[in-house]
Amino acid sequence: MAGEGRRKLLAVSSGGGHWIEMRRILPAFDGFDLVLASTDPGPDADLGPVAYHVLPNVTRKNAADLPRLVAAVIGLVRRERPDLVVTTGAAPGLVALAAAKILAGSRTVWIDSIAAAEAMSLSGRLARPVADAWLTQWPHLARPGGPEHWGAVL
Amino acid sequence: MSGQENGAGRPDGGGAAGAAAIFVTVGSLFRFDRLIAAMDGWAAGSDLPVLAQIGTGGMRPSHMDWVERLDRAEFERAVAGSRLVVAHAGVGSVVTAARFGRPVVVLPRRRHLGEHTSDHQMETIGWLRDKPGIWVAEAEDRLADAIDSALAMPAGTLRTLPPVAPDAFIARLRHFLVG
């Protein structure tokens with residue numbers, strides 16, 4: 001690694017299935033100064049001591065909570081100033097990519113959920129302008145110019 | 001599980017503390033009363049102990065032990081200790097069942113019933129249905145047959161899913177991140 005310290009990587013996702021997908025790619029983050037953010041009240045116990053931040057969850061059912069999510073993400077990005085941000089979705093990840101791009105110039109990765117088997121998810125489509133790597137987990141959804149298919153969590 | 005509601009559906013039940021032969025889960029986001037009601041009805045006619053994770057604000061079953069939510073460790077214990085998982089068609093539930101080599105029956109949430117914000121679980125069952133150890137019930141009237149089929153599978157015959165993504169995907173991601 002160049003420089004005096006490890007680069008900082010923020011791994012952010014909604015809870016539930018999105019988080020389980022993120023857990024499956026954690027080995028890709030070895031050697032980075034890792035910060036996790038998700039919507040569950042705390043990190044999984046088996047992760048041991050980790051830097052973990054709780055974010056409000058926002059889905060189409062509670063879109064009115066979006067300002068609260070945006071504020072929380074902006075605070076997180078300002079504090080952590082990540083060099084890289086990786087998300088497996090959904091809305092919290094989208095907001096994190098946008099905030100990191102604008103506030104920290106981070107390098108960003110969007111990985112659309114494996115559940116999105118027939119088309120990119122809505123949040124995935126919205127993430128396109130703020131994702132340096134814009135990925136689908138389904139080969140048949142890859143297109144010239146994006147999204148790309150690099151593999152899948154299963 | 002402390003600090004939240006749970007219940008024992010059977011007079012001789014051990015409460016919601018331990019694993020049960022059948023573990024029912026609606027996932028961590030929204031309740032799914034159609035699944036819980038159908039499984040409550042199924043449990044009424046079965047001797048097998050059933051534990052249901054019913055979500056916040058979900059209907060209370062009468063014939064199953066239940067808990068509103070489980071943390072990651074509790075959830076994995078419930079799956080690992082079961083013979084069969086019955087779940088919404090969510091990636092987290094299916095992956096966790098596969099991690100422990102447990103058969104899983106899935107019922108997809110439907111958007112038009114207010115069970116999710118889109119019909120992506122219908123997409124999910126399309127690619128899940130051919131996988132070993134996964135049985136799809138498109139609607140609740142198909143659950144009993146799916147459960148019978150899944151229970152007929154001898155215990156321990158399913159391979160367990162590795163805990164992390166395939167090496168090639170991780171390597172490709174890492175190459176981009178380190179680069």
Side-chain angles (χ1 to χ4, degrees), chain A residues 1-2 7 9 11 14-32 39-47 57 59-63 83-86 88 90 107-109 111 113-119 121-122 132-133 135 137-138 148-154, chain B residues 3-4 25-31 55 69-77 87-99 108-109 111 114-128 131 161-179:
Chain A
M1 299 287 159
R7 286 195 296 158
L9 189 152
S14 305
H18 292 278
W19 180 248
I20 284 181
E21 295 189 55
M22 180 66 86
R23 288 289 314 255
R24 297 181 67 77
I25 61 168
L26 282 186
F29 310 150
D30 282 349
F32 290 93
T39 58
D40 284 343
D44 305 337
D46 68 301
L47 287 172
N57 198 14
T59 67
R60 280 179 250 201
K61 283 197 180 196
N62 67 327
D83 299 293
L84 301 125
V85 183
V86 180
T88 49
R107 196 153 145 84
T108 58
V109 181
I111 303 170
S113 171
I114 198 160
E118 290 176 9
S121 66
L122 172 61
D132 295 308
L135 306 179
Q137 297 190 47
W138 290 95
E148 294 180 58
H149 175 254
W150 291 1
V153 298
L154 298 179
Chain B
Q4 64 165 311
T25 175
V26 305
S28 57
L29 261 192
F30 310 121
R31 66 197 222 193
R69 77 178 297 275
L70 297 167
D71 67 25
R72 180 76 46 227
E74 291 163 340
F75 185 76
E76 291 188 354
R77 271 201 297 278
H88 74 146
V91 170
S93 303
V94 172
V95 166
T96 307
R99 288 265 292 107
R109 292 170 177 272
R111 187 191 64 81
E115 295 167 344
H116 212 313
T117 54
S118 71
D119 251 353
H120 70 273
Q121 291 205 356
M122 291 301 288
E123 294 179 30
T124 299
I125 63 169
W127 57 271
L128 280 183
K131 305 247 180 285
L161 182 72
V164 292
D167 288 343
F169 185 39
I170 288 178
R172 185 104 190 249
L173 278 171
R174 188 163 177 73
H175 179 80
F176 179 82
L177 296 170
V178 168

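Chain A is the first sequence line, chain B the second, and so forth, proteins listed ahead of strands; every chain is numbered from 1.
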Engineer: At a heavy-atom separation under 4.5 Å, does V153(A) approach chain B through its side chain, its backbone, both, or neither?
Structural biologist: both
Engineer: State, to 0.1 Å, how close R172(B) and W150(A) come at their nearest heavy-atom pair, and which atoms those are.
Structural biologist: NH2-NE1, 3.1 Å
Engineer: With side-chain contact (heavy atoms from CB on, under 4.5 Å) as the test, would you mind laying out the steps for I170(B) and L26(A) before giving the verdict?
Structural biologist: CA-CA 8 Å; I170(B) 288 178; L26(A) 282 186; over 6 Å; no
Engineer: Could you tell me which portion of L122(A) (side chain, backbone, both or neither) has an atom closer than 4.5 angstrom to a non-hydrogen atom of chain B?
Structural biologist: neither
Engineer: Taking side chain as everything from C-beta outward and backbone as N, CA, C, O, which of these in T117(B) sits under 4.5 Å from a heavy atom of chain A? Side chain, backbone, both or neither.
Structural biologist: both
Engineer: Relative to chain A, which of A168(B), A171(B), P162(B) shows the most heavy atom pairs under 4.5 Å?
Structural biologist: P162(B)
Engineer: I'd like to check V95(B) versus E21(A) (side-chain heavy atoms, cut-off strictly below 4.5 Å). Are they in contact?
Structural biologist: no
Engineer: Using a cut-off of under 4.5 Å on heavy-atom pairs, state which of G126(B), P166(B), G114(B) scores highest against chain A.
Structural biologist: P166(B)
Engineer: Do you know which of A133(A), G16(A), A45(A), S14(A) has the most heavy-atom pairs under 4.5 Å to chain B?
Structural biologist: A133(A)
Engineer: Going by side chain to side chain contact (heavy atoms under 4.5 Å, CB included), name the residues that satisfy it together with L84(A), two or more places apart in sequence or in a different chain.
Structural biologist: R7(A), L9(A), F32(A), R107(A), L177(B)
Engineer: Could you tell me which of I20(A), D132(A), V109(A) has the largest number of non-hydrogen atom pairs under 4.5 Å with chain B?
Structural biologist: I20(A)
Engineer: Given heavy-atom pairs under 4.5 angstrom as the criterion, report whether the side chain, backbone, both or neither of F75(B) touches chain A.
Structural biologist: neither
Engineer: Under a 4.5 Å heavy-atom cut-off, does chain A meet the side chain of L161(B), its backbone, both or neither?
Structural biologist: side chain
Engineer: Where on N57(A) is there a heavy atom nearer than 4.5 Å to chain B: the side chain, the backbone, both, or neither?
Structural biologist: side chain
Engineer: At their closest point, which heavy atom of P27(A) faces which heavy atom of V164(B), and how far apart are they?
Structural biologist: CG-CG1, 3.7 Å
Engineer: Sort S93(B) into side chain, backbone, both or neither according to what part of it lies under 4.5 angstrom from a heavy atom of chain A.
Structural biologist: neither
Engineer: Does any backbone or side-chain atom of P43(A) lie under 4.5 Å from a heavy atom of chain B? Answer side chain, backbone, both or neither.
Structural biologist: neither
Engineer: Shortest non-hydrogen contact from S28(B) to G15(A)?
Structural biologist: OG-C, 4.4 Å
Engineer: What I'd like to find out is whether the side chain of W19(A) reaches to under 4.5 Å of the side chain of V91(B), using heavy atoms alone.
Structural biologist: no
Engineer: Assess the residue pair D40(A) and R72(B) against the criterion (salt bridge (Lys or Arg N to Asp or Glu O under 4.0 Å)); give the C-alpha distance rounded to whole Å, side-chain angles, the decisive distance to 0.1 Å, and a yes or no.
Structural biologist: CA-CA 10 Å; D40(A) 284 343; R72(B) 180 76 46 227; 3.8 Å; yes
Engineer: Do you know which two heavy atoms are closest between R60(A) and S118(B), and how far apart they sit?
Structural biologist: NH2-CB, 4.0 Å
Engineer: So F29(A) and L173(B), side-chain contact (heavy atoms from CB on, under 4.5 Å) or not? Walk me through it.
Structural biologist: CA-CA 9 Å; F29(A) 310 150; L173(B) 278 171; 5.7 Å; no
Engineer: Taking atom CG of D167(B) as the centre, report whether more than 12 heavy atoms of other residues, nucleotides or ligands fall under 6.0 Å from it.
Structural biologist: no
Engineer: Check T59(A) against F30(B) and note the closest heavy-atom contact, atom names and distance.
Structural biologist: OG1-CZ, 3.7 Å
Engineer: How long is the gap from CD on E123(B) to CD1 on I114(A), to the nearest 0.5 Å?
Structural biologist: 12.5 Å
Engineer: Just how far is it from atom CZ of F169(B) to atom CG of L135(A), taken to the nearest 0.5 Å?
Structural biologist: 6.0 Å
Engineer: Looking only at non-hydrogen atoms, find the nearest pair between A165(B) and I25(A) and report the distance.
Structural biologist: CB-CG2, 4.1 Å
